[in-house]
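Quick notes on the structure that follows.
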Number of protein chains: 4
Amino acid sequence: MTESPLARWERYNGAVLGVASLLYLASYAVRVLGHGLPAAVRDLCLAVTFASWAVFALDYGVRRRLSGQRWPRFVRTHWLDTVVLVLPLLRPVRIVQAYETVQAHHDGPRLALHARVITYAGVSVTLLGFAGSLALYQQERTAPGADIVTYGDAVWFTCTTLSTVGYGDLAPVTPLGRLIAVGVMACGLALLGAVTGTFSSWLLQVFAREGERPPGNSPGASDGKD
Amino acid sequence: MTESPLARWERYNGAVLGVASLLYLASYAVRVLGHGLPAAVRDLCLAVTFASWAVFALDYGVRRRLSGQRWPRFVRTHWLDTVVLVLPLLRPVRIVQAYETVQAHHDGPRLALHARVITYAGVSVTLLGFAGSLALYQQERTAPGADIVTYGDAVWFTCTTLSTVGYGDLAPVTPLGRLIAVGVMACGLALLGAVTGTFSSWLLQVFAREGERPPGNSPGASDGKD
Amino acid sequence: MTESPLARWERYNGAVLGVASLLYLASYAVRVLGHGLPAAVRDLCLAVTFASWAVFALDYGVRRRLSGQRWPRFVRTHWLDTVVLVLPLLRPVRIVQAYETVQAHHDGPRLALHARVITYAGVSVTLLGFAGSLALYQQERTAPGADIVTYGDAVWFTCTTLSTVGYGDLAPVTPLGRLIAVGVMACGLALLGAVTGTFSSWLLQVFAREGERPPGNSPGASDGKD
Amino acid sequence: MTESPLARWERYNGAVLGVASLLYLASYAVRVLGHGLPAAVRDLCLAVTFASWAVFALDYGVRRRLSGQRWPRFVRTHWLDTVVLVLPLLRPVRIVQAYETVQAHHDGPRLALHARVITYAGVSVTLLGFAGSLALYQQERTAPGADIVTYGDAVWFTCTTLSTVGYGDLAPVTPLGRLIAVGVMACGLALLGAVTGTFSSWLLQVFAREGERPPGNSPGASDGKD
């Protein structure tokens with residue numbers, strides 16, 4: 001089958017976007033965490049952050065042109081891309097896709113479906129949690145009466161939220177901090193869904209396989225090995 | 001097949017009920033949040049609230065008549081309608097149904113099942129959460145020793161409850177406020193069930209499709225794209 | 001097929017045990033909640049509690065005899081019955097079974113499987129939660145430094161625990177109170193599993209049905225109606 | 001089929017490793033909990049701890065040799081074994097496997113798949129929770145400003161975390177204590193996934209069986225009996 005220009009662009013550009021996403025996240029992290037760094041380093045980080053964002057914007061524009069759609073329609077049909085362009089800290093959702101695109105053209109050994117889902121869910125949630133903890137830290141640490149004053153606090157809060165445990169020994173106090181926390185909660189719900197759904201479908205599969213074999217010879221339980 | 005009078009009523013009246021539900025919620029919200037509004041505006045809101053409720057009551061009565069059932073039996077067999085009539089803030093559950101009824105007669109493109117379930121769950125939970133936060137705010141803000149004193153607090157509390165995270169930095173202190181919170185918890189459990197169940201069944205489906213294709217050509221992971 | 005004596009005993013005795021369980025729970029509740037009641041009433045409650053327990057013990061003994069097993073083996077193979085005999089507040093688990101036994105011989109209309117699972121899970125969890133809140137209240141209300149001092153507090157705490165939200169504005173402080181809370185948590189996990197699992201299997205079923213029908217005619221979403 | 005030397009080693013060594021794991025956990029527990037024990041007893045415990053660890057290291061080395069792989073590759077392909085070697089408190093994950101290996105060669109009655117999954121999940125989570133509560137207690141009890149000062153507190157905290165309830169009346173304050181708590185949260189998520197997934201697949205199975213039988217004769221609900 002012939003490949004559309006859009007599909008070819010997405011294929012070639014996947015790795016570039018992935019690198020830009022990691023650069024964005026890394027430079028943002030250095031700027032947020034490095035209070036004591038020289039101003040020159042922090043300015044460099046800001047430059048890298050903006051350069052990465054420019055790559056995202058360029059990619060968005062090229063894809064709009066290649067899709068042949070008008071702006072209003074493209075913004076609507078690619079709403080997830082639009083959201084991710086406006087809030088680049090949500091980029092990690094796309095890193096997985098970039099990896100998938102690259103991987104699909106290597107023809108290397110692919111993980112089994114269940115392992116893949118868990119791996120992708122784990123990587124996405126880890127990256128989103130990292131981005132969320134940075135944003136929370138930046139937002140909360142200078143607020144009056146804040147609980148979350150060190151980056152360690154922000155990481156701990158993010159972990160308790162992602163697992164939907166939520167002790168509440170620390171909690172954001174600013175409206176924006178709470179909004180970020182709600183985003184992290186949504187990731188936590190999705191993670192829970194991924195873990196539970198994967199387990200459930202894996203069990204059903206093992207069960208179906210056991211049903212086909214003669215009894216007394218059930219290797220099902222060993223499928224859980226690494 | 002010929003359509004029963006009851007089915008025809010429900011079909012024609014679906015949009016009317018949906019609009020009335022939104023008016024009810026909107027006027028209730030304005031009245032609860034608008035402390036500083038002129039008395040005339042607040043009285044108007046109260047009038048809209050009661051008018052919407054009258055529409056609900058009328059619809060309930062007409063459906064009882066069209067169903068040909070006696071009152072006690074109708075109240076019992078339509079217990080969900082009865083609950084929703086008495087507690088109109090739970091109406092959002094029905095908005096989804098109204099949308100469904102209208103949509104079913106447009107023959108437009110329908111979302112895939114999984115997207116539909118997530119969309120419906122999201123819309124219902126958002127609307128119920130909005131109604132719950134309003135009711136909580138109205139109930140708690142004047143209670144002595146209350147944590148939840150601004151509407152922002154009520155929204156934050158509702159979000160932590162819906163995701164079953166529950167930090168507990170804020171908590172209702174009045175019995176009625178706690179009852180409302182328990183209702184919000186039930187919505188949270190249902191949301192969790194919807195997210196997890198959807199993920200699980202989607203995974204099983206992708207898996208079944210992968211099993212039918214030759215290996216090395218597994219586009220399953222790209223099904224998650226928007 | 002001929003019915004074993006044990007099966008016949010369980011069939012005839014199901015309703016008796018169900019009534020005894022409700023009496024046990026009711027008399028326990030009156031005794032715990034009724035501080036101000038006359039001593040005679042409280043003594044009567046204690047008598048009813050013990051009488052109910054005697055019924056449980058008698059049933060346990062008769063079933064051991066009818067099963068033809070020796071004591072150590074019976075205790076081991078019927079461990080759930082043994083646990084429930086020692087901790088009669090866990091009886092509600094069995095009320096569902098009693099209802100099932102009675103229902104199975106009425107040949108009345110049976111609920112669909114999904115509705116049945118949700119109904120049973122709801123009834124069991126409500127009864128267990130009620131029993132748990134009573135036990136917690138009795139245990140905690142007189143402890144020094146306790147948070148849970150009114151029965152309303154105990155109910156609120158139980159609800160937050162069953163939904164796995166867990167605000168922590170109130171928490172038990174005695175070791176026994178914490179043990180009871182852990183039991184309530186286990187019920188909460190089971191409830192979550194029931195809700196999620198039911199939703200997931202219902203979705204899969206709707207999906208399988210949709211796959212069999214021609215597109216454009218998908219009534220799946222209306223299966224969720226009461 | 002002929003058995004590889006590695007498989008034979010794992011088969012014969014399974015029970016030895018299981019005993020060593022229990023000894024490790026037991027001696028660690030005695031050392032952590034027994035502040036008041038004579039120094040000789042505590043030294044003995046330390047010796048047992050180290051001896052158990054030596055058994056783990058030896059097993060790891062022998063398996064590397066039998067696998068015929070070079071060190072870097074073996075470490076990578078057996079990453080779970082490597083993690084468990086470095087953090088022996090995570091051993092309980094392996095106890096289940098040892099039990100499985102032993103059981104597989106006894107040809108005794110095997111539990112049904114669903115009961116097996118719940119049993120394994122329960123045993124693993126109980127042992128991991130025990131190990132986690134010991135580590136938390138050791139880490140937190142001497143920290144300034146710590147909430148978790150008795151072993152009972154550590155157990156209570158671990159239970160609230162495993163059920164993802166998370167009251168937050170107690171919370172770790174040291175970075176290492178929080179890291180341990182994050183590990184416990186991960187176990188909690190996995191437990192939730194196991195419970196929900198098992199319930200979901202059990203329901204689907206009951207449903208499939210009901211669909212095959214004539215109506216009015218549905219023994220599905222009694223499958224839930226112990």
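Per chain, numbering begins at 1; letters A, B, ... match sequence-line order. Nothing here was measured: the structure is a model prediction, and the numbers come from that model.
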(message) Under the side-chain contact (heavy atoms from CB on, under 4.5 Å) test against C:V165, which residue among B:V165, B:T164, B:V184 passes?
(response) B:T164
Grab the two heavy atoms, one from [X] and one from [Y], that are nearest each other, plus how far apart they are.
X      : Y      : value
C:L192 : B:L189 : CD1-CD2, 2.7 Å
B:A171 : C:D169 : CB-OD2, 3.2 Å
B:M185 : C:C159 : SD-O, 3.7 Å

(request) Go through the steps for B:V182 and C:W156 under the test side-chain contact (heavy atoms from CB on, under 4.5 Å), then give the verdict. (result) CA-CA 8 Å; B:V182 169; C:W156 167 244; 4.1 Å; yes
(message) Heavy-atom cut-off 4.5 Å, strictly under: side chain, backbone, both or neither for C:T160 against chain B?
(response)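 C:T160 touches chain B through backbone and side-chain heavy atoms alike.
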(message) Would you compute the distance between atom OH of C:Y167 and atom OG1 of B:T161 and round it to the nearest 0.5 angstrom?
(response) 2.5 Å
